[in-house]
Structures are given as C-alpha cells and as structure tokens.
Amino acid sequence: MSENNIEANEKKSLNFIEEIIEQDISNNKNSQRVHTRFPPEPNGYLHIGHAKSICLNFGLAKKYNGKCNLRFDDTNPVKEDVEYVDSIKEDIEWLGFKWDGEYYASDYFDQLYLWAVELVKKELAYVDDSSQEEISKNRGVPNKPGTESLYRNRSVEENLRLFKGMKNGDFPDGSRVLRAKIDMASPNMHMRDPILYRILHSNHHRTGNKWCIYPMYDYAHGQSDSIEGITHSVCTLEFEVHRPLYDWFCKTLEIHHPQQIEFARLNLSYTIMSKRKLLQLVQEKQVMGWDDPRMPTICGIRRRGYTPEAIRNFAETIGIAKRNNVIDLSLMEFCVREDLNKIANRTMAVLNPIKLIIDNYPENTQEELEAVNNPENELAGKRKIMFSKELWIERDDFMEIPSKNYFRLYPGGEVRLKYAYFVKCESIIKDNEGNIIEIHCTYDPETKSGSGVIQRKVKGTIHWISANHCRKAEIRLFDRLFNVTEPDEAEEGKTFLDNINKESLSVINGYIEPTLLDDSVLTKYQFERLGYFCIDKDSTAEKLVFNRTVTLKDSWNKIQK
RNA sequence: UGUCCGAUAGUGUAAUUGGCAACACGACUGUCUCUGGAUCAGUAAAGUCUAGGUUCGAGCCCUAGUCGGACAACCA
C-alpha cells in the first residue's frame with residue numbers, strides 16, 4: 001500500500017470531532033494543544049453511556065498527545081455524595097484510563113463568585129426576588145417572548161448588597177436568585193435571563209457549610225473548562241442549545257474560550273440508561289445494588305464478565321456522530337464474545353441435567369480424557385476430565401421426536417461426546433408421568449477423541465459431565481441488561497417498573513467440572529455452547545455462583561423451557 | 001405559527017471535502033469426522049428523505065418542503 005493510501009485510510013476513520021481538532025491544530029489554535037475533560041456529576045454510578053464519553057474524551061487526548069481531566073461537576077449538593085465520586089474514579093481506572101488532573105467544580109466556587117460580582121458591576125446580572133413560579137411563567141414559551149422581571153433594573157449597589165446577603169446566608173432557600181441580564185425575548189429559552197446562583201442551605205460533600213449559594217450548571221461549566229485550559233469541551237447533544245450561553249459567559253468575562261462540541265449520546269436497545277431510573281431501581285431494591293449484573297452500569301457490566309477491552313472496542317465500533325441512534329444490544333454482545341473467545345477458558349457444564357447411561361461401558365471404571373482449555377490459544381494448555389458409565393447431559397441436547405434440522409441426540413441417533421466417544425441412543429426410560437429420566441446408550445470404543453481417522457461421521461457433538469466426578473453448583477442466570485419493552489414510554493398510570501423484565505434472573509442447579517474450584521473469583525469461562533460465565537464475587541467453595549455474561553441469542557429461552 | 005440540530009443497505013458508521021457510495025454487525029448460502037448457536041469462505045441488500053437549481057460531474061453546494069430529535073428545572 002502506498003503512503004498516500006495509508007494517509008487516506010487514516011483520514012477515512014476520522015470522526016467529525018477529530019476533524020475539528022485536526023483543523024484547529026493546522027490553524028495553530030490553542031498553540032496546537034488538545035485538552036479534554038470528562039465531567040460527571042457525582043450523583044450516581046457510571047453506566048455504559050458514560051463509557052462512550054470516557055472513551056471519546058480520553059481517546060482524543062491520547063490520540064493527539066494531549067491531556068484529559070477528570071472534573072466532578074458538583075454544583076448541586078443535595079444530589080451528590082462521595083460514594084459516587086469514589087465509584088466513578090474506580091470505574092474509569094478499570095476501563096483503562098488515567099486522568100491528567102482531578103478537579104471539582106467546587107474548587108472554583110470562589111472564582112465563580114468573583115466573576116458573578118463582576119457581572120453585577122457590569123450591569124449584566126441582577127438579584128431577582130420573584131418566586132420560582134413567577135420566574136417560570138415570565139420566561140414565556142419558545143415562540144413568544146417572555147416578560148422582564150420587576151427586579152431587572154435594580155441598581156448595581158442594591159444588587160451587590162443583596163447578592164452578598166445571599167452569600168452570607170441572610171435569606172432562606174428559594175427566596176432570591178442571581179440572574180444574568182441577557183434577552184427575555186431570545187428564541188433560545190436558555191438566554192432569557194438564566195439563573196446563575198440559587199440559595200441552598202445544604203451541606204456540600206467537599207466544601208461543607210462554607211457556601212449556601214450554589215452556581216447552576218450553565219454558569220459553572222464553561223468557566224470551569226476555561227480555568228482548566230480545556231480546548232475542546234465535548235458533551236452530548238442536549239447541550240447544543242446551551243452553547244450560546246456557554247459562549248456568552250466566556251466572551252463577557254473575557255476568559256479563555258474552549259469550544260463546546262456536541263455528539264449523540266448512546267442509546268442501547270432494551271436498556272434503561274436514565275440515571276434517575278437506575279437510582280430508583282437501587283433505592284426500591286429491585287436490584288441487588290448498583291453493581292447488579294443486570295444493571296447497565298459499568299460496575300454491573302464488569303460483574304457480568306465484560307472486559308474493559310470489549311467495552312473500549314464497542315465504543316470504537318459504534319462511532320461518534322450527531323445523529324440520534326439506537327445501538328442494538330447484540331453489537332455489544334458481539335464485542336465481548338470477540339474478546340472473551342481469545343481469553344476465556346472453556347469448560348463443560350450442564351445446566352438442565354438429564355442422566356445418560358452407557359450400557360456397554362464397564363461398571364466401576366473411570367477414564368481420564370484430555371480437553372483443551374482454549375482452542376484459540378495453545379498457551380492456555382489442557383486439562384484432564386473424568387469419563388465414566390453415568391453422565392449428565394443437557395436436556396436440551398436430546399429430543400424424543402427430532403425435528404428436521406436437529407443434529408443432536410435422539411432415539412437411534414449417534415453423536416459425539418465432546419473429547420470422548422460416539423454414543424448411540426438405544427432406549428429411554430420414563431417415569432409415571434411420562435418424563436424422560438434416563439437415556440441409555442452404547443458407545444463405540446474405536447471412536448475415542450483424538451484417535452485418528454474414523455469411518456463414519458456424526459453430525460452433532462454434545463457436552464457432558466461425569467456423574468461421579470462433578471460438582472453441583474447453583475447457577476444464577478441473568479438475562480440481558482434490564483429489558484424494557486418501551487424504554488421511555490410508560491403508559492398512563494404505569495411507571496417504567498411495569499415494563500421491565502423482572503424474570504431476568506433465575507437460579508438453576510446444574511453440574512460443573514470440578515476443575516473450576518481451583519480458580520479464583522471473577523474468572524471468566526466459556527461453557528461449551530452455553531455462553532460465557534463469570535464466577536461471581538459472592539461465591540464460596542461450597543456455593544459457586546455464576547453470572548452469565550453473554551446470552552448467545554435465544555439459548556436463554558431454550559434453557560428456560 | 002419559535003430556535004437549534006439531524007436524515008446514506010435491516011442496524012450503526014464512512015465516503016480523500018464536488019470525482020467509481022464503502023466498512024462493521026445482522027440476514028442468507030456454503031465449508032468443517034470433536035458444538036450445526038462456533039470457525040472459515042462467499043452472496044444479497046441502499047443509489048443517499050422529497051422537489052427544484054448550480055456544475056462536465058452533487059450524498060456533499062444553493063432554494064423550498066417532508067420527517068425525526070433537542071430546548072420552556074432555583075437538575076446536570
């Protein structure tokens with residue numbers, strides 16, 4: 001490939017934000033510096049949607065040899081907590097990113113206050129005594145101008161005195177606000193004298209009781225970016241309408257002016273992504289916690305067995321654009337499968353057992369067979385598994401009356417037992433109610449795995465567990481991330497809780513290879529044909545608990561039946 | 001009857017900035033004497049929301065529509 005082609009290919013993969021950045025670099029803007037930031041509010045745990053933003057912001061910094069800050073947007077103390085700060089840091093690190101500076105919007109409260117005083121002095125801000133209802137009403141509607149507040153033209157001196165009073169705690173919550181004086185007739189609602197400060201007598205998780213007035217997002221965000229020398233302030237599409245205000249503050253205060261760039265947030269099919277709703281699930285104990293494997297939180301997905309690598313690949317795959325979209329969950333599952341295929345050891349397990357007896361296999365005999373741990377990685381080595389007369393197989397792998405394209409076991413049919421022999425089904429035994437309780441087979445000793453060429457073929461291979469050499473395990477099966485039929489369309493009288501799939505967790509008693517016991521918590525396995533599992537952190541030697549990490553299409557439904 | 005943003009195979013993202021519409025997932029077909037829900041190979045599938053215009057040439061530029069999203073918290 002010629003150099004030109006390589007160049008062309010690289011250029012091809014640029015997303016629109018990278019294009020902006022490269023243009024800025026070639027124009028020598030910001031002295032060719034690239035500095036981004038990830039600015040979560042510490043009011044909940046990070047979810048897969050944040051992962052997209054994290055990968056973007058940290059990824060841009062890395063790509064252009066720049067920096068990326070972690071800044072907590074902690075301007076609303078009533079919703080925030082240090083618990084969230086800690087979890088956010090843990091999740092970002094787990095995803096594999098390091099921030100260059102750790103900052104808090106609350107670090108800038110003093111500076112923000114001084115700037116507010118400056119705006120008052122410039123007659124660009126005023127204290128408004130109106131009630132919340134009045135302010136809201138006077139703001140008007142998008143296609144009609146609002147009406148100006150009675151307090152809009154107070155003197156600078158009175159404004160300074162009242163704003164100082166607000167800061168000193170002279171007034172109760174909600175009695176007054178500081179507003180910017182911009183344009184009550186602006187077609188952009190955010191420019192109709194936005195609120196800068198509100199009174200909140202509330203303890204802040206970092207500044208304690210120092211402040212009783214707190215800046216609003218719009219007033220704090222751009223200036224925080226500016227203070228940190230951010231060059232490209234990347235955020236989601238809903239902030240697009242806020243950009244004129246972002247620009248207004250930087251321009252009016254004559255400070256470093258970062259460029260706000262918006263992109264479409266991640267929507268995943270069947271997945272609840274609203275922080276508010278996730279919080280509700282946790283508070284109402286619909287889930288075991290923020291890290292419940294059914295949650296779309298980063299820690300939940302982690303516990304489900306996803307790897308950071310897989311999530312980063314997913315973020316890369318879905319791309320960055322301004323168009324609203326819904327990504328299919330199967331794409332994310334593809335990404336884990338791709339990664340886990342390379343690193344997860346294979347093992348055998350039977351979730352829904354049925355007894356298989358080999359009539360022509362000698363009693364009281366056992367045999368050691370060799371199984372590969374990972375066909376995609378020789379270094380993973382091999383393990384010994386025991387074979388004997390009585391086995392457990394998957395109920396699903398036997399059909400009394402086989403359907404057309406059924407290649408597994410049925411009366412008179414022959415399959416390979418993985419790593420072992422061909423077995424042919426000779427008869428079945430049923431209980432009084434007609435349920436199959438035993439499958440009787442004969443095996444062909446000539447067909448031992450790895451023994452070489454064989455005259456005849458079988459179409460199916462099934463997994464199995466030796467009944468006398470296995471361990472019973474309680475297996476928790478989790479369906480996909482919390483399934484929602486209509487993500488945001490709760491019908492009248494219903495909340496989203498009525499629409500979530502509450503059957504997505506079930507406990508099954510299955511059988512597993514004893515080798516699993518040797519491994520530590522949170523090790524990942526691919527169970528033959530059953531998908532990927534992750535030994536949960538709640539496991540003990542007596543009670544193994546598995547989180548299913550990937551549902552291979554509808555295998556879940558089959559197992560359930 | 002407001003402002004801003006968007007529209008490209010089923011889904012998502014590209015298209016060297018005006019030059020042969022491509023990539024991934026999915027679907028389908030085939031391959032494989034050790035999972036036939038795996039792997040590997042291959043195939044189909046959009047002429048770019050609509051109508052005009054500029055141009056040798058338009059997914060890209062212009063005009064007017066259509067559809068979709070965001071915005072009226074003392075949340076972020």
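As the structure is a computational prediction, the values presented were derived from the model and not from experiment.
- The partner of B/C60 cannot be assigned: no Watson-Crick or G-U wobble pair with both contacts below 3.5 Å exists in any strand.
- The pair A/K322-A/E240 meets the salt-bridge criterion, since a charged nitrogen lies less than 4.0 angstrom from a carboxylate oxygen.
- Side-chain proximity of A/M189 to B/C74, B/A15, B/C71: nearest is B/C71.
- A gap of 10 Å separates the C1' atoms of B/U31 and B/G42, to the nearest Å.
- Figure legend: A/R176 and A/F171 shown as a cation-pi pair, the cationic atom lying under 6.0 angstrom from the six-membered ring centre and within 45 degrees of its axis.
- Using a 4.0 Å heavy-atom distance criterion, A/L417 is classed as making no nucleic acid contact.
- Nucleotide B/U66 forms a Watson-Crick or G-U wobble pair with B/A7, both donor-acceptor distances falling under 3.5 Å.
- Heavy atoms of A/V326 sit under 4.0 angstrom from primed sugar atoms or phosphate atoms, though from no base atom.
- A/I327 has its CD1 atom 7 Å from the P atom of B/G12, to the nearest Å.
- Partner assigned to B/C71 is B/G2, using Watson-Crick or G-U wobble distances below 3.5 angstrom.
- Checking the phosphate oxygens (OP1, OP2) of B/C74, a side-chain nitrogen or oxygen of A/R139 falls inside 4.0 Å.
- With the nearest nucleotide of RNA chain B identified for both A/P142 and A/Y419, A/P142 has the one nearer the 5' end.
- A/Y197 comes within 4.0 angstrom of nothing in the nucleic acid, heavy atoms only.
- As judged by a 4.0 angstrom heavy-atom cut-off over every strand, A/G174 is placed among the base-contacting residues.
- Annotated as anti: B/U39, whose O4'-C1'-N torsion sits more than 90° from 0.
- Taking the six-membered ring for Trp and thresholds of 30 and 60 degrees, A/F109 and A/W211 have ring planes more than 60 degrees apart, a perpendicular arrangement.
- Counting to the nearest Å, the P atom of B/U11 and the CZ atom of A/F334 are 19 Å from each other.
- Nucleotide B/G47 is shown with a syn base, its glycosidic torsion being within 90° of 0.
- Between the CG atom of A/N15 and the P atom of B/U13 there is a distance of 11 Å, rounded to whole Å.
- In this structure B/C32 sits in no base pair that meets the Watson-Crick or G-U test at under 3.5 Å.
- Comparing B/G2, B/C71, B/A15 by their closest approach to the side chain of A/N143 singles out B/G2.
- Between A/V141 and A/L200, the one whose closest nucleotide on RNA chain B sits nearer the 5' end is A/V141.
- Note: A/Y361 and A/F387 have perpendicular aromatic rings, judged against thresholds of 30 and 60 degrees for the angle between ring planes.
- Of the candidate nucleotides B/C75, B/A7, B/C34, B/A7 has the atom lying nearest to any side-chain atom of A/R323.
- Between A/F38 and A/H50, the angle of the ring planes goes over 60°, which puts this pair in the perpendicular group of the 30/60° scheme.
- Cation-pi geometry between A/R416 and A/F422 is not satisfied (NZ or CZ under 6.0 Å from the ring centre, within 45° of the ring normal).
- Checking A/V85, A/T75, A/D73 one by one against A/Y104, the side chain to side chain contact (heavy atoms under 4.5 Å, CB included) holds for a single residue, A/V85.
- Each of B/C74, B/A24, B/A76 was ranked by its minimum atom distance to the side chain of A/I195; first place goes to B/C74.
- Nucleotides B/C61 and B/G18 place their C1' atoms 8 Å apart, quoted to the nearest Å.
- Picking from B/A14, B/U35, B/C34 the nucleotide with the shortest atom distance to the side chain of A/A321 gives B/A14.
- As rounded to whole Å, 13 Å separates atom P of B/U39 from atom NZ of A/K418.
- Listed nucleotides B/C34, B/A73, B/C25 differ in distance to A/S136; the shortest reach to its side chain belongs to B/A73.
- Put simply, CD1 on A/I199 is 14 Å from P on B/C74, counting in whole angstrom units.
- Using the Watson-Crick or G-U wobble rule with both distances under 3.5 Å, B/G12 pairs with B/C23.
- Closest approach to the A/E240 side chain among B/U35, B/A76, B/C5 is made by B/C5 (side chain taken as heavy atoms from C-beta onward).
- A donor N or O paired with an acceptor N or O is found under 3.5 Å between the base of B/A76 and the side-chain atoms of A/H242.
- Rounding to whole angstrom units, NZ of residue A/K144 and P of B/U3 are separated by 15 Å.
- For A/E238, whose side chain is taken as the heavy atoms from C-beta onward, the closest listed nucleotide among B/A70, B/C34, B/C74 is B/A70.
- Of the candidates B/A76, B/U3, B/C25, the closest approach to any side-chain atom of A/R198 belongs to B/A76.
- Across B/G30 and B/G6, the matching C1' atoms stand 41 Å from one another, rounded to whole Å.
- Here the side chain of A/T75 is nearest to one of B/C75, B/A76, B/C74, namely B/A76.
- Using the Watson-Crick or G-U wobble rule with both distances under 3.5 Å, B/A46 pairs with nothing in any strand shown.
- Nucleotide B/G37: unpaired (no Watson-Crick or G-U wobble partner with both distances less than 3.5 Å).
- Between A/Y84 and A/W290, the ring planes are perpendicular. Angles over 60° get that label, and only those under 30° would be called parallel.
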